[in-house]
Amino acid sequence: MKSPLTLNNQLTLNNGVSMPAVGYGVFQSAPEETAASVETALKTGYRHIDTAAGYGNEREVGEGIRRSGIDLDDVFLETKVWVSDYGYDETLHAFEKSATKLGVSQIDLLILHQPMPQHFERTLAAYRALEQLLADGSVRSIGVSNFMPHHLAALREQTQIVPAVNQVELHPYFTQPAVQRANAELGTVTQAWSPIGGITFYPGWGENRESVLEDQTIGRIAAEHGKTPAQIMLRWHLQQGRSVIPKSTNAQRMAKNIDVFDFALGDEDLYAIDYLDRGVRGGPDPDDVDPSTWDLEIPEP
Ligand code: A2P
């Protein structure tokens, strides 16, 4: 756990690469609004953008970066290979597709979007392609997403490079302690998707859910610190060493979500938030995912 006093917006990955801890997420960001919101995010101070081939908005992410006028070298760009592109040659080609759409020659962090437990050989082949892309300098770091401890163990047995990042669903109602432990043992950064619990209120992801943003404990801590519930959750992640990728298309909320470096939560606050875990995931179970789960092919540029 980092000392609250020295906490800044930088994490050092296990290969020495520096990554801004707070990234701007563009999941479910419609292509027509993505370029504008990426531009706004960069002008607001974000220097890390998280996208995915499967989001269908990589081209607009690249457009937003160019429109911002900020040097590409100053932006940490993260994207994900979709499962339909798993396999060694397919994943090498997936890099080409993503890099072309983003308008870059090198990607800072390229990760596998999901394990494919029923097709784990293809998942491993995809990861070996990431290792090759790392070796030839096409990417600066590689990782995974939605890998549970048993997927990580199987990956480690059969591949060489320890993932720099494992991006998983993580918010106060679903804290995945076993995944966090497995990541920590490897020196892999845990990166939280839906860090402020968007998955607990997004339409279409299940019935009778309760929004973490309306949680009473978080509301109380927020009032005590004069911060918003989202800021409290983001700070909780950061103080526990995680990276976060909150998504917002609203300029004010975007600015608030990165303005989390001028206060600190005490241990009691952190424990109180940890204690909210319900152990119920909002997103799909990674063991149930196979290529037919989403009928999605990644188009050529
Ligand atoms: P909006 O884009 O209108 O701001 P997550 O990243 O955890 O999945 O959450 C994303 C969701 O949370 C989006 O619906 C986003 O809506 C909303 N959101 C983002 N930032 C905040 C905030 N600071 N306060 C309240 N809601 C927020």
Side-chain angles (χ1 to χ4, degrees), residues 9 20-46 48-52 54-57 60-61 64 78-80 111 113-114 145-146 165-176 179 190-206 209-223 225-238 240 242-263 265 273 276-278 280-284:
N9 191 13
V22 182
Y24 177 65
V26 296
F27 173 57
Q28 293 194 336
S29 176
E32 53 282 9
E33 66 185 4
T34 302
S37 49
V38 166
E39 179 184 3
T40 307
L42 290 167
K43 288 183 171 165
T44 307
Y46 289 83
H48 170 178
I49 311 289
D50 169 72
T51 183
Y55 300 167
N57 56 17
E60 292 75 16
V61 167
E78 171 176 0
T79 192
K80 313 182 188 79
I111 67 180
H113 205 135
Q114 300 271 343
S145 179
N146 298 307
V165 165
N166 183 15
Q167 183 185 120
V168 294
E169 176 183 349
L170 213 161
H171 47 75
Y173 286 170
F174 190 56
T175 66
Q176 307 223 57
V179 176
T190 301
Q191 186 173 54
W193 67 253
S194 253
I196 57 173
I199 194 74
T200 65
F201 58 84
Y202 281 144
W205 288 84
R209 291 168 304 156
E210 286 175 54
S211 166
V212 184
L213 276 167
E214 284 159 26
D215 184 89
Q216 284 191 357
T217 300
I218 294 172
R220 171 184 58 75
I221 297 170
H225 287 273
K227 297 286 171 184
T228 67
Q231 287 173 313
I232 296 300
M233 286 189 255
L234 294 168
R235 184 76 200 186
W236 163 74
H237 286 291
L238 296 170
Q240 295 186 341
R242 294 187 287 278
S243 170
V244 290
I245 45 162
K247 177 241 164 189
S248 178
T249 47
N250 172 287
Q252 271 99 36
R253 289 194 284 277
M254 220 185 257
K256 290 251 184 231
N257 292 348
I258 200 167
D259 180 19
V260 289
F261 295 98
D262 64 347
F263 74 106
L265 299 173
I273 300 171
L276 298 175
D277 184 26
R278 298 173 173 188
V280 179
R281 70 171 75 247

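Index from 1, following the sequence. Start at 1 and go down the list; that is how both ligands and their atoms are numbered.
In this structure, the side chain to side chain contact (heavy atoms under 4.5 Å, CB included) partners of R281, at least two apart in sequence or on a different chain, are M148, E169, F174, Q176, D285, P286. In this structure T175 satisfies the side chain to side chain donor-acceptor pair (under 3.5 Å) test together with D277, sequence neighbours excluded. Residues passing the ring pair (Phe, Tyr, Trp, His ring centres under 6.0 Å) test with H237: none are found, sequence neighbours excluded.
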Does ligand 1 have any N/O atom under 3.5 Å from a protein N/O, and what are those pairs and their distances?
unit_1	atom_1	unit_2	atom_2	d
ligand 1	2 (O)	T249	N	2.8
ligand 1	2 (O)	T249	OG1	3.2
ligand 1	3 (O)	R253	NH2	2.8
ligand 1	4 (O)	S248	OG	2.5
ligand 1	4 (O)	R253	NE	2.6
ligand 1	4 (O)	R253	NH2	3.2
ligand 1	6 (O)	K247	N	3.0
ligand 1	7 (O)	P195	N	3.4
ligand 1	7 (O)	I196	N	3.1
ligand 1	7 (O)	G197	N	3.2
ligand 1	7 (O)	G198	N	3.0
ligand 1	8 (O)	S194	OG	2.8
ligand 1	8 (O)	Y202	OH	2.8
ligand 1	20 (N)	N257	ND2	3.0
ligand 1	23 (N)	N257	OD1	2.9

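A salt bridge does not link D50 to K247: none of the charged nitrogens lies less than 4.0 Å from a carboxylate oxygen. A salt bridge is absent between D262 and R235: the closest approach of a Lys/Arg side-chain nitrogen to an acidic carboxylate oxygen does not fall below 4.0 angstrom.
Ring orientation note: the planes of Y202 and F27 are nearly perpendicular, at an angle over 60° on the 30°/60° scale.
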